Amino acid sequence: MLYEDNLSVLKSKYKRVYDAIGMGLDVSISDKISVEDARKAGQVVVFHIRGRDIYLNSKYDSENEANKYMAEYFDMPDESILFMYGLSNGSYVREFIRNTKKNVKCIVYEPCVEVFMQVIKNINIKDILESDRVHIVVKGINDEDFSLTVGQWLQFYNKDTNKIIEAPKYIDLFNEKYTLFIQEIKELYEKFYICSYTDIEFGKTYVTNGLRNMEFLAGCRSGMVLKGKFPEDMTAVVVSSGPSLEKNVALLKDIKGKAFIFATDSAVQQILNIGIKPDAMISIDPNKSVNLFKADGIEDIPFFVEMYANTEVLKYVKARNLYFFSSDSVVWSRLFEKAGSEILSIGTGGSVATAAIANLILWGFKRIVLIGQDLAFTGNRMHAGEDAIEISEDDNRFMTITDINGNDVWIKKDYYVYLKWIENVALRYSDIEFIDATEGGARKKNLKQMTFREVIDKYCTSEYGNILDILLSSPRLFMRKDIQLVWDALENMKHNFENMQERLLACRDDCVKGKAILESGKFDIDELKRINTNIKNTDELIEDSDEIAYLKKYIAESEADMMSDMYQEEKDDIKESIRMYEKSRKYYDSLIKVLPELIDLVGDIILQVKGERVC
């Protein structure tokens with residue numbers, strides 16, 4: 001019954017682990033590991049190695065021992081994450097749940113499958129498995145859950161308060177895996193900083209593009225509608241512009257009409273140079289150079305862009321078939337829904353190639369081939385046709401990895417993030433065949449390695465007719481009277497921004513008053529209650545607004561500063577309240593400063609959209 005209780009939770013919350021058990025993981029019970037009852041309370045996990053026993057818990061009272069061992073972590077600040085190396089008998093994480101704040105979370109990384117199986121067979125950890133504050137990762141079973149969960153839980157407000165703990169004896173027993181565990185945390189932090197500071201650096205550009213691109217909604221199409229439209233056996237080829245593309249770009253002629261050719265923006269010109277057009281092209285960069293789009297006939301290629309793509313590129317290309325495939329704006333999602341379609345925020349991985357892969361997965365392709373996706377430097381070149389650059393070992397923008405031949409090769413750190421995204425996606429979607437036919441650059445784990453010629457001969461032998469017809473099955477949106485939906489959304493946005501501006505001015509003044517009252521020592525309780533209520537209501541107004549995605553990106557730096565020490569509280573309540581009044585005032589000032597810019601920008605877009613009405 002104990003085992004069945006644990007399995008019932010695994011089935012609902014840890015499906016990959018449950019499925020692995022169903023496929024025979026339960027045979028991974030080693031006679032070198034056992035579970036015994038402690039003399040007073042709890043159970044003990046025991047390793048039997050070379051004639052001696054190693055106890056992972058107290059033989060006398062494992063519960064009391066766990067409480068003492070975890071005590072220094074009980075006061076972790078709000079929203080913090082504890083990275084725990086080793087599930088052991090479950091008592092350490094159970095003490096964490098019992099004694100920490102309800103919004104403090106724990107990611108448990110169990111490096112030994114045999115330990116995990118012994119625990120779920122012999123110890124009731126149903127309460128731990130059910131907790132929404134805990135996520136358990138078993139090495140070799142659901143590894144990808146680690147990066148996914150960290151990606152969801154790691155934020156600016158907890159980046160400096162998170163902690164790492166190792167269950168007793170785990171480093172001695174699993175030292176090499178511990179090194180990998182620490183390295184993965186470092187890599188995930190690196191990814192977090194790259195993504196966060198990209199938002200800070202380009203936040204205003206993202207928002208400006210995201211608003212101005214509403215000018216192109218008239219007659220656009222949705223990429224979401226293409227789900228399930230392609231033949232199940234059709235191969236998709238993502239063409240990137242790495243140095244190795246020069247080796248096999250000419251072979252694309254052999255698969256025209258026999259596979260879906262999806263070109264990244266920087267690779268389109270090279271494909272057109274061999275005399276064929278890709279079936280579609282894609283762009284996501286808010287600052288992508290217009291020079292990449294100057295080829296004759298490029299406007300005829302179906303063009304997939306996300307909400308924040310460079311507006312100047314959209315203006316220049318004038319694509320006859322423009323598809324928006326991703327948006328994190330509630331404004332956009334409501335608009336598409338009213339138009340009878342759909343647009344969501346899909347995990348694009350950060351690069352144009354990973355965005356192409358994300359779309360292909362969404363559409364239902366079961367074989368995805370990469371060419372020109374070097375990611376690493378080849379002859380100190382990152383892209384085909386580029387000149388070599390100098391790379392210094394002292395330059396912290398670069399690191400070394402292993403290439404497809406087992407040699408060390410340089411890679412930009414942000415490209416390493418893309419590499420890990422591709423590897424994790426290939427692991428997660430085990431029903432999709434991912435093939436790296438790049439023939440150069442970084443080695444990609446979890447992908448099958450083939451030459452492009454081998455891929456063509458094996459998988460690209462059937463004719464599929466006119467692939468464009470499939471793409472055009474996505475209907476045009478916001479035509480004729482439906483363009484009124486866009487007008488109304490923009491008018492409503494302008495009104496909301498104006499209302500926020502008025503509310504924030506009053507709120508900013510209240511923060512100044514509240515701080516002055518507390519500093520004076522003459523507390524006006526009724527006035528403080530009014531101030532706090534006004535601040536609470538204003539914060540909720542902003543957080544619940546459809547425009548929140550725009551606002552947070554536009555003031556990304558102020559947002560990061562506001563959240564960076566949000567939960568690092570002063571022990572004195574009065575000092576803490578003074579700190580928060582001042583921090584809130586600065587945050588409101590940053591919003592007040594930019595709202596006039598946004599109001600004027602939306603006003604200009606309203607005029608543009610009304611002037612370009614589709615009849």
Side-chain angles (χ1 to χ4, degrees), residues 235-256 258-276 278-279 281-283 285 292 295 349-357 360 367-391 398-423 425-426 433-460:
T235 297
V237 179
V238 178
V239 186
S240 301
S241 60
S244 69
L245 182 60
E246 296 168 352
K247 297 179 182 178
N248 49 31
V249 65
L251 295 178
L252 290 171
K253 288 182 178 180
D254 296 350
I255 67 168
K256 184 65 176 174
K258 300 177 181 179
F260 182 75
I261 303 173
F262 206 3
T264 62
D265 43 24
S266 54
V268 172
Q269 181 65 66
Q270 294 165 82
I271 300 173
L272 292 173
N273 286 344
I274 66 169
I276 67 168
D279 296 303
M281 62 182 182
I282 184 169
S283 185
D285 193 332
L292 294 171
S351 79
V352 65
T354 56
I357 294 169
L360 293 170
R367 184 179 302 110
I368 299 174
V369 179
L370 310 182
I371 67 170
Q373 187 62 17
D374 295 60
L375 290 171
F377 284 88
T378 300
N380 281 18
R381 293 188 304 147
M382 277 300 299
H383 298 98
E386 283 186 350
D387 295 329
I389 65 169
E390 292 294 327
I391 301 175
F398 306 102
M399 59 187 291
T400 57
I401 57 165
T402 304
D403 70 7
I404 61 171
N405 299 311
N407 302 314
D408 286 344
V409 63
W410 288 104
I411 187 173
K412 293 171 67 176
K413 286 186 175 179
D414 53 346
Y415 279 47
Y416 182 72
V417 170
Y418 309 148
L419 171 63
K420 300 304 291 185
W421 186 93
I422 292 171
E423 291 178 341
V425 161
E433 186 177 12
F434 289 90
I435 300 173
D436 182 23
T438 295
E439 300 181 47
R443 181 170 69 88
K444 303 173 185 69
K445 299 175 185 175
N446 310 319
L447 279 73
K448 182 188 296 185
Q449 192 169 313
M450 298 175 68
T451 67
F452 193 35
R453 171 47 65 190
E454 289 171 338
V455 169
I456 294 171
D457 292 343
K458 185 172 183 179
Y459 299 119
C460 305

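Side chains are part of it too, since the values below use all heavy atoms of this structure and drop only hydrogens, waters and symmetry mates. Computed from a predicted model, the values in this text were never measured in an experiment.
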Exercise for review: Evaluate side chain to side chain contact (heavy atoms under 4.5 Å, CB included) for Met281 paired with Asp265, printing each intermediate quantity in order.
Suggested key: CA-CA 6 Å; Met281 62 182 182; Asp265 43 24; over 6 Å; no
Practice item. Carefully, step by step, assess Val369 and Tyr459 under the rule side chain to side chain contact (heavy atoms under 4.5 Å, CB included). Key: CA-CA 10 Å; Val369 179; Tyr459 299 119; 5.7 Å; no
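In this structure, the separation between CD1 on Ile422 and CD1 on Ile357 is 4.5 Å, given to the nearest 0.5 Å. Atom CD of Gln449 is separated from atom CD of Glu454 by 9.5 Å, given to the nearest 0.5 angstrom. With rounding to the nearest 0.5 angstrom, the CG atom of Leu375 is 5.5 Å from the CG atom of Leu419. Here CG of Leu252 is found 7.0 Å from CD1 of Ile456. Values are rounded to the nearest 0.5 Å. Arg453 CZ to Cys460 SG: the interatomic distance, rounded to the nearest 0.5 Å, is 9.5 Å. To the nearest 0.5 Å, the span separating CG on Asp436 from CZ on Phe452 amounts to 12.0 Å.
Taking all atoms of both residues into account, the shortest heavy-atom contact from Ala442 to Ile404 is O-CG2, 3.7 Å. Nearest heavy-atom pair, Ile435 versus Leu447, reported as atom, atom and distance to 0.1 Å: C-CD2, 4.3 Å. Considering every non-hydrogen atom in both Ala263 and Val268, the closest pair reads CB-CG2, 3.9 Å. Closest approach of Ala437 to Ile371, counting heavy atoms only: O-CG2, 3.7 Å. What you find for Ala267 and Val239 is that their closest heavy atoms are CB-O, 3.5 Å. When all heavy atoms are compared, the tightest approach of Leu245 to Ser240 is CD2-O, 3.1 Å.
Looking at Thr438, its side chain does come within 3.5 Å of a backbone N or O of Gln373 through a donor-acceptor pair. With hydrogens and angles ignored, the 3.5 Å screen pairs no side-chain donor or acceptor of Thr402 with any backbone N or O of Asn407. Panel note: side chain Lys253, backbone Ile274; a donor-acceptor pair is recorded below 3.5 Å. Using a distance-only test at 3.5 Å, with no hydrogens or angles considered, a donor-acceptor pair links the side chain of Asp279 to the main chain of Ile261. For Glu439 (side chain) and Ser244 (main-chain N/O), no donor-acceptor pair under 3.5 Å exists by modelled atom type.
Ser241 places none of its side-chain heavy atoms less than 4.5 Å from the side chain of Asp374. Under the 4.5 Å side-chain criterion, counting only non-hydrogen atoms from C-beta, Val417 is not in contact with Trp421.
With sequence neighbours excluded, the residues that form a ring-ring contact (aromatic ring centres under 6.0 Å, His included) with Tyr418 are Tyr415. With sequence neighbours left out, the salt bridge (Lys or Arg N to Asp or Glu O under 4.0 Å) criterion links Lys247 to no other residue.
Across Ile282, Thr354, Ile368, a single residue satisfies side-chain contact (heavy atoms from CB on, under 4.5 Å) together with Val238, and that is Ile368.
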